[in-house]
**Student:** 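I am attaching a structure below and will ask some questions about it afterwards.
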Amino acid sequence: MIKGQLLYEGKAKALYTTSDKDQLWVEYKDQATAGNGERKETIAGKGQLNNQITSTVFEYLLSEGIPSHFVKKLSDTEQVIKKVDMFSLEVVVRNVTAGSFSRRLGVEEGTQLDFPVVEFYLKEDELNDPFINEDHIKVLKLATDSEVSELKEKALEVNGALKKLFDSIGITLIDFKLEFGKDSEGAILLADEISPDTCRLWEKNTNNRLDKDVFRQQTGDIVPVYQEVLNRLTPSHAR
Ligand code: ADP
Ligand code: UDP
């Protein structure tokens, strides 16, 4: 496979075309951002950790019958993915309260929810990714009603599988963000990444944060924290 032109460079990844029009080459960058890019730092090793964690998680999801855009890991920091037409939506699933849910609704962080809550955000950096409802999605033609139902259903399926995975390695899955797109046949496919950048992961016994909140709240170095998540996911590779 040949790496082509830079198609898009985001906060955490760069996407390149390939010799196959339906596939992209992704490079995970050593950049961490908080506050929608307001704070930006280069953190050596972050890219390879997120690439390896995301690759492992997508492989696990496939083994659980949940396909994604992931094709293969090319190197420590690179993957091949299926190119999809992204929905301009972030789909968040919450099992336990934290972050914006707690701030907006005044519910103490760490409260177990009776059922997983699915939320939609408009993926638009300039507007700070606002919270939107299903009517907004429909009226703005971001997705149809049936697509919204499918996105929710798929997000809940991913939640079920991820909860089981993280539980088995001593981690509580608090919440996470997913992105979806449509492939060349119009099928909805899970895309982007699933990593400690996009999930809240709390160590079961201690409630220690094993995710990007360590960077957001400036409570420590994320590299050993993300390494710990990778080690638990791939015990045979633990260094
Ligand atoms: P951001 O754009 O939020 O700064 P990233 O740096 O992670 O985020 O950039 C990755 C970009 O690639 C995102 O805009 C994401 O929506 C997009 N993307 C993820 N998976 C795919 C895919 N399979 N096909 C096309 N675009 C994708
Ligand atoms: N999230 C993300 N990207 C975003 C916004 C949120 O990956 O642009 C993830 C975040 O890491 C957390 C979940 O989505 O796991 C819910 O985030 P929340 O709405 O609480 O926002 P925050 O308070 O983290 O800004």
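As the structure lists them, so they are numbered: ligands from 1, and atoms in each ligand from 1.
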**Student:** At less than 4.0 angstrom from any atom of ligand 2, which residues have a non-hydrogen atom? List them by chain and residue number.
**Tutor:** Glu90, Val92, Arg94, Gly99, Ser100, Arg103, Tyr121, Asp129, Asp175, Phe176, Lys177, Asp197, Thr198, Cys199, Arg200, Arg216
**Student:** Check whether any side-chain heavy atom of Gln79 lies under 4.5 Å from a side-chain heavy atom of Leu74, and answer yes or no.
**Tutor:** no
**Student:** Indicate, with yes or no, if Phe115 and Phe101 share a hydrophobic cluster defined by side-chain heavy-atom contacts under 4.5 Å among Ile, Leu, Val, Met, Phe, Trp and Tyr.
**Tutor:** yes
**Student:** Can you establish whether the number of heavy atoms outside Lys204 located under 6.0 Å from its atom NZ is more than 12?
**Tutor:** yes
**Student:** With a 4.5 Å heavy-atom cut-off, do Cys199 and Ile194 have their side chains touching?
**Tutor:** yes
**Student:** Mind checking what residues have non-hydrogen atoms under 4.0 angstrom from ligand 1?
**Tutor:** Tyr8, Gly10, Lys11, Ala12, Lys13, Leu15, Leu24, His69, Ile81, Lys82, Lys83, Val84, Met86, Lys123, Glu179, Ala191, Asp192
**Student:** Which pairs, with at least one residue in residues 21-36 and sequence neighbours excluded, count as a salt bridge (charged side-chain N to carboxylate O under 4.0 Å, His left out)?
**Tutor:** Lys3-Glu27, Glu9-Lys29
**Student:** Would Lys138 and Asp135 pass as an ion pair if we require N to O under 4.0 Å?
**Tutor:** no
**Student:** Counting only heavy atoms from other residues, nucleotides and ligands, does the tally under 6.0 Å from CG of Leu105 exceed 12?
**Tutor:** yes
**Student:** Can you name the residues that form a ring pair (Phe, Tyr, Trp, His ring centres under 6.0 Å) with Tyr121, not counting sequence neighbours?
**Tutor:** Phe131
**Student:** Heavy-atom count around Gln5 CD within 6.0 Å, excluding the residue itself: above 12?
**Tutor:** no
